[in-house]
Visitor: 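Here you go, one structure.
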Amino acid sequence: MGSAAIIVHESVKDPRSELWFAEPAGFTALPLDALLAEPETPDADKLRVAAAPLLDLAPNEMARQQFVALIASGQQMLATLCDFGTVHCSIGLHRDDVGGPASSGAQPLLSLFTISWRDTNVAPRAVTAARAVTAGEGYTDIAFLELPCGPAVLSEATHRAAAVSGLPQQPLLQIHAHLPHPDCKRLAVLTLSTTATARREEYRAILRQVVETVRFENPLGADS
């Protein structure tokens with residue numbers, strides 16, 4: 001098998017970056033700054049320009065309004081995630097070909113990958129990692145890891161929306177990785193969410209692949 005190509009994103013040079021990682025193929029990062037831009041700003045103008053061709057393709061005004069409503073709903077969801085410390089969000093699209101080749105009717109699988117920061121009490125990193133899953137409820141399949149970036153814990157949780165919420169009743173699988181920062185005051189939470197619960201092992205392997213690449217110092221050097 002040939003080696004996979006590695007594309008270095010321009011954000012690696014961002015002086016505000018506090019965490020570096022490699023995202024596997026099949027994920028598309030959402031530009032949070034552009035999607036949540038304040039009105040009358042350059043990023044808001046870019047979003048308007050990007051959406052214009054899609055709006056022009058709408059067959060009628062009702063379809064255009066529905067598209068605008070979908071964008072607004074997505075922005076509301078992303079804003080809520082950011083309120084909880086989310087700094088990265090990407091959508092994963094993979095072909096479910098575990099049972100055979102794609103030609104046998106494999107279906108596309110969707111997932112959501114996020115990275116969030118969470119403040120913690122000052123403590124040794126291994127203790128913080130353990131507390132992250134023992135203090136809450138519903139975590140299963142807990143595994144403690146020693147990664148290049150330090151101690152971490154991998155876990156799973158399955159959620160289902162309340163019947164009165166009006167949301168789909170499909171179970172939502174969330175695979176978490178809690179990685180304490182070297183300053184011992186916070187931790188990064190990497191989460192992979194999907195309704196494809198039958199593929200939990202495959203998604204767990206994807207998240208494990210990501211966390212093994214995480215670094216809290218620029219791996220390309222300060223001058224990159």
Side-chain angles (χ1 to χ4, degrees), residues 4 19 21-30 32 35 70 73-102 104-118 120 128-147 149 151-180 187-214:
L19 179 150
F21 67 100
E23 204 164 51
F27 286 90
T28 300
L30 299 178
L32 296 179
L35 290 172
L70 284 173
S73 177
Q75 288 176 313
Q76 184 177 15
M77 182 194 73
L78 292 174
T80 300
L81 288 174
C82 290
D83 287 342
F84 284 93
T86 298
V87 294
H88 176 84
C89 182
S90 58
I91 295 176
L93 178 61
H94 297 87
R95 193 185 302 275
D96 186 6
D97 55 2
V98 173
S104 64
Q107 297 296 312
L109 300 176
L110 285 171
S111 60
L112 184 70
F113 172 63
T114 60
I115 299 178
S116 305
W117 286 104
R118 185 182 303 172
T120 65
T128 297
R131 286 176 177 171
V133 292
T134 57
E137 296 182 359
Y139 292 110
T140 62
D141 297 288
I142 298 171
F144 292 90
L145 310 173
E146 191 61 44
L147 302 171
C149 67
V153 62
L154 205 64
S155 63
E156 298 179 14
T158 302
H159 307 278
R160 193 185 296 270
V164 296
S165 68
L167 297 173
Q169 292 300 294
Q170 285 181 288
L172 176 69
L173 170 67
Q174 289 192 310
I175 305 173
H176 303 282
H178 292 82
L179 287 68
L187 56 80
V189 184
L190 283 66
T191 302
L192 192 53
S193 305
T194 181
T195 56
T197 56
R199 294 289 173 253
R200 65 176 62 241
E201 291 300 326
E202 288 74 23
Y203 278 111
R204 189 181 180 98
I206 289 175
L207 188 61
R208 175 68 180 264
Q209 178 183 352
V210 174
V211 298
E212 288 178 347
T213 69
V214 170

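If you're wondering where the values come from, they're calculated on a predicted model, not measured in any experiment.
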Visitor: Using the rule given for side-chain contact (heavy atoms from CB on, under 4.5 Å), can you reason through Asp96 versus Arg199, listing the C-alpha separation, both sets of side-chain angles and the distance that settles it, and then say yes or no?
Guide: CA-CA 9 Å; Asp96 186 6; Arg199 294 289 173 253; 2.8 Å; yes
Visitor: I want to check something: taking the side chain as every heavy atom from C-beta on, are Leu154 and Arg204 in contact at a cut-off of under 4.5 Å?
Guide: yes
Visitor: Heavy-atom distance under 4.5 Å between the side chains of Val210 and Pro24, does that happen here?
Guide: yes
Visitor: Quick one: closest heavy-atom pair of His176 and Ala157, and the distance?
Guide: NE2-CB, 4.4 Å
Visitor: Which heavy atom of Val211 sits nearest to which heavy atom of Leu147, and what is that distance?
Guide: O-CD1, 3.7 Å
Visitor: So, for Ser90 and Ala29, which heavy atoms are closest and what is the spacing to 0.1 Å?
Guide: CB-CA, 3.5 Å
Visitor: Could you go through the side-chain contact (heavy atoms from CB on, under 4.5 Å) check for Arg200 and Thr158 one step at a time?
Guide: CA-CA 11 Å; Arg200 65 176 62 241; Thr158 302; 3.9 Å; yes
Visitor: Just wondering, do Ser111 and Tyr203 contact through their side chains at under 4.5 Å, heavy atoms?
Guide: yes
Visitor: Within a strict 4.5 Å, meaning less than it, do heavy atoms of the Arg131 and His178 side chains meet?
Guide: no
Visitor: What's the spacing between Ser155 OG and Ile142 CD1 if we round to 0.5 Å?
Guide: 6.0 Å
Visitor: If you measure from CG on Leu109 to CG on Leu93, what distance do you get to the nearest 0.5 Å?
Guide: 8.0 Å
Visitor: Distance from Ser193 atom OG to Ile175 atom CD1, nearest 0.5 Å?
Guide: 8.5 Å
Visitor: Out of curiosity, Thr194 OG1 to Gln174 CD, how far, rounded to the nearest 0.5 Å?
Guide: 10.5 Å
Visitor: Does the side chain of His88 pick up a donor-acceptor pair with the side chain of Glu23 at under 3.5 Å?
Guide: yes
Visitor: Can you tell if the side chain of Leu112 reaches within under 4.5 Å of the side chain of Thr191, non-hydrogen atoms only?
Guide: no
Visitor: Between Trp117 and Val189, is a side-chain contact (heavy atoms from CB on, under 4.5 Å) present by the stated rule, with each step listed?
Guide: CA-CA 6 Å; Trp117 286 104; Val189 184; over 6 Å; no
Visitor: In Å and rounded to the nearest 0.5 Å, what is the CD1 to CZ distance from Ile206 to Phe113?
Guide: 10.5 Å
Visitor: Of the non-hydrogen atoms in Thr197 and Pro171, which two are nearest, and what is the gap between them?
Guide: CG2-O, 4.0 Å
Visitor: Does the side chain of Phe27 come within less than 4.5 Å of Leu192's, by heavy atoms?
Guide: yes
Visitor: Keeping Thr195 on the side-chain end and Gln170 on the backbone end, is there a donor-acceptor pair under 3.5 Å?
Guide: no
Visitor: At their closest point, which heavy atom of Ala129 faces which heavy atom of Val153, and how far apart are they?
Guide: O-CG1, 3.2 Å
Visitor: Run Leu190 and Phe21 through side-chain contact (heavy atoms from CB on, under 4.5 Å) and show every step you take.
Guide: CA-CA 11 Å; Leu190 283 66; Phe21 67 100; 5.5 Å; no
Visitor: Hey, are the side chains of Ser116 and Val87 touching, using non-hydrogen atoms and a 4.5 Å cut-off?
Guide: no
Visitor: Minimum heavy-atom separation for Ala152 to Pro180, with atom names?
Guide: CA-CD, 4.5 Å
Visitor: Mark yes when over 12 heavy atoms from residues, nucleotides or ligands other than Phe84 sit less than 6.0 Å from its CZ; otherwise mark no.
Guide: no
Visitor: So Leu173 and Glu156, do their side chains get closer than 4.5 Å, heavy atoms only?
Guide: yes
